[in-house]
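The next block holds one structure in the form of structure tokens; read it before the comments.
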Amino acid sequence: MPRDPLIGIVGKPSSGKSTTLNSLTDANAKMGAFPFTTIDPNRATGYLQIDCACARYGKEDLCKPNYGWCSKGKRHVPIELLDVAGLIPGASQGLGLGNKFLDDLRQADALIHVVDVSGTTDSNGKATRGYDPLQDIEWLQDEIRLWIEGNLQKRWGTIVRRHTATKSPIVETLRAQFGGYGANMNMIAKAVDSIPDLPPLEEWDNEWITKMVKAFMKVKFPTVLALNKIDHPDADKNVSKILLKYPDTRAVLTSAITEVFLRKLAKQNYIKYEEGTEFIDTLEDLGEESGLKPLDEKLMQRVENIRDLVLYRFGSTGVVQVLQEAAKVLDLVPIFTVRNIQTFTE
Ligand SMILES: Nc1nc2c(ncn2[C@@H]2O[C@H](COP(=O)(O)OP(=O)(O)OP(=O)(O)O)[C@@H](O)[C@H]2O)c(=O)[nH]1
Ligand SMILES: [Mg+2]
């Protein structure tokens with residue numbers, strides 16, 4: 001079987017990358033209100049929820065997949081998530097933790113860019129107020145592009161000489177260069193085809209190289225924005241600005257910290273919570289037979305706040321939807337294999 005898809009979680013320090021990872025997986029990555037809490041990447045498995053084929057045949061009770069797991073007709077398909085160190089402006093030139101962790105991202109099939117829309121952290125992840133997160137969206141893409149471009153430009157002379165000597169097609173030459181990012185021939189052909197009037201590679205100047213890398217990034221690292229910290233009062237106006245400026249980007253509103261908290265409460269049997277939904281039930285809602293533990297006043301107040309500020313306003317904490325959006329950009333097609341279509345075994 002080919003490997004599970006890998007999604008890289010990127011963003012500036014303190015935007016909530018590790019919190020997002022923890023909210024989607026059983027990982028326990030360190031989270032902290034100071035930049036560069038994460039240095040070495042954290043990898044964990046999240047589960048994408050899709051409708052399982054068993055439900056179409058009323059075979060939910062028999063469904064015991066070898067791959068992922070199924071509950072009541074909902075298949076949970078494993079997806080690998082990689083939470084890396086924060087990126088800051090100038091990272092491609094080595095600022096912050098620089099290139100090291102960009103290398104960790106090479107094998108990613110898509111990216112989730114976690115943007116802190118509360119405006120409480122500056123571009124370096126330091127605590128502030130009233131920061132405009134709109135700028136983060138652009139410079140982060142630029143840093144990734146400059147990193148790929150830098151790797152290409154270092155060897156450009158040699159690349160062109162070999163390309164000319166071997167009379168290779170452009171896709172072949174680029175395949176050798178972009179192979180390190182796990183790119184296949186199809187992806188490179190798609191990127192090349194997307195650029196109109198592309199001259200022969202020998203004639204490319206820096207502008208053409210930039211165009212090529214941008215096209216390559218679109219294919220190799222399709223990106224979903226997680227507009228995180230929507231529970232913060234300043235988030236609304238920043239979200240509106242971002243959606244207005246980038247109407248075509250895939251963006252999902254999230255409160256990763258809320259999801260982490262709710263999953264924890266559910267695990268400790270204080271609430272019933274269906275991940276990705278707006279529904280939380282407490283002992284008060286469900287009664288003694290639910291087996292739930294009672295919430296003290298403080299916890300009750302927090303749950304009420306979460307209902308008002310996040311769940312009722314936005315419909316959910318958004319993290320499950322982020323994973324679903326990421327799966328969409330990956331163009332994943334689920335295939336349900338069974339040995340026998342009558343008995344649905346294996
Ligand atoms: N209000 C609010 N705070 C959040 C949310 N998600 C994360 N935080 C807080 O933001 C801070 C940074 O979170 P992390 O998950 O450590 O951020 P990171 O992006 O992994 O940071 P680095 O590892 O330093 O790059 C922590 O204090 C979190 O509690 C959220 O949805 N809402
Ligand atoms: Mg982190």
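Just so we're clear, the structure is a prediction, and the values are computed from it rather than from any experiment. Order of listing sets the numbers, starting from 1, for every ligand and every atom in it.
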Is it true that Arg56 and Asp51 have a side-chain N and a carboxylate O under 4.0 angstrom from each other? no

Short N/O distance, under 3.5 Å, between Gly32 and ligand 1? yes

Given Thr19, Asp116, Thr254, the one that forms side-chain hydrogen bond (donor to acceptor under 3.5 Å, both in side chains) with Asn228: Thr254

Ligand 1 N/O within reach of Asp83 N/O, cut-off under 3.5 Å: no

Using the side-chain hydrogen bond (donor to acceptor under 3.5 Å, both in side chains) rule, take Ser23 and Glu259 through it: C-alpha gap first, then chi angles, then the decisive distance, then the call. CA-CA 6 Å; Ser23 75; Glu259 182 74 17; over 6 Å; no

What is the ring orientation for Phe221 with Phe216, classed by angle as parallel under 30°, tilted 30 to 60°, or perpendicular over 60°? perpendicular

Under 3.5 Å between some N or O of ligand 1 and some N or O of Gly16? yes

Counting only heavy atoms, which portion of Ile230 has something under 4.0 Å from ligand 1: side chain, backbone, both, or neither? neither

Quick one: does Ile257 get an N or O within less than 3.5 Å of an N or O on ligand 1? yes

Would you call Asp236 and Arg313 a salt bridge, taking side-chain N to carboxylate O under 4.0 Å as the test? yes

Any nitrogen or oxygen of Thr37, main chain or side chain, under 3.5 Å from a nitrogen or oxygen of ligand 1? yes

So for Ser15, does at least one of its heavy atoms come nearer than 4.0 angstrom to any atom of ligand 1? yes

Which protein N, O or S atoms lie under 2.8 Å from the Mg ion (ligand 2), given by chain and residue number? Ser18 OG, Thr38 OG1

Would you say ligand 1 has an N or O under 3.5 Å from any N or O of Ala256? yes

Pick one of side chain, backbone, both or neither for how Pro35 approaches ligand 1, counting any non-hydrogen atom pair under 4.0 Å. backbone

Asp26 and Lys267 ion-paired at < 4.0 Å: yes

Is the distance between the ring centroids of Phe279 and Tyr273 under 6.0 Å? no

Take every heavy atom of Gly125, measure it against each atom of ligand 1, and state whether any distance is under 4.0 Å. no

Taken to the nearest 0.5 Å, the spacing of Lys74 NZ from Ile50 CD1 works out to 9.0 Å

As a check for students: among Asp231, Ile39, Leu87, identify the option with a heavy atom nearest to atom 32 (N) of ligand 1. Asp231

Minimum side-chain heavy-atom gap Val239-Leu253 below 4.5 Å: yes

Lys/Arg N to Asp/Glu carboxylate O, Arg307 vs Asp281, below 4.0 Å: no

Polar proximity ligand 1 side, Thr258 side, N/O cut 3.5 Å exclusive: no

May I ask you to establish whether Arg302 and Phe261 are in a cation-pi arrangement, using a distance under 6.0 Å from NZ or CZ to the six-membered ring centre and at most 45° from the ring axis? yes

Top protein contact for atom 4 (C) of ligand 1, by heavy-atom distance: Lys229 CE, 3.7 Å

Numbered atoms and elements of ligand 1 in range of Phe34, under 4.0 angstrom, heavy atoms: 24 (O)

Would you mind checking if Lys17 and Asp83 are paired as a salt bridge, meaning a charged N to carboxylate O distance below 4.0 Å? no

Could you check Asp104, Asp109, Asp103 and say which one makes a salt bridge (Lys or Arg N to Asp or Glu O under 4.0 Å) with Arg106? Asp103

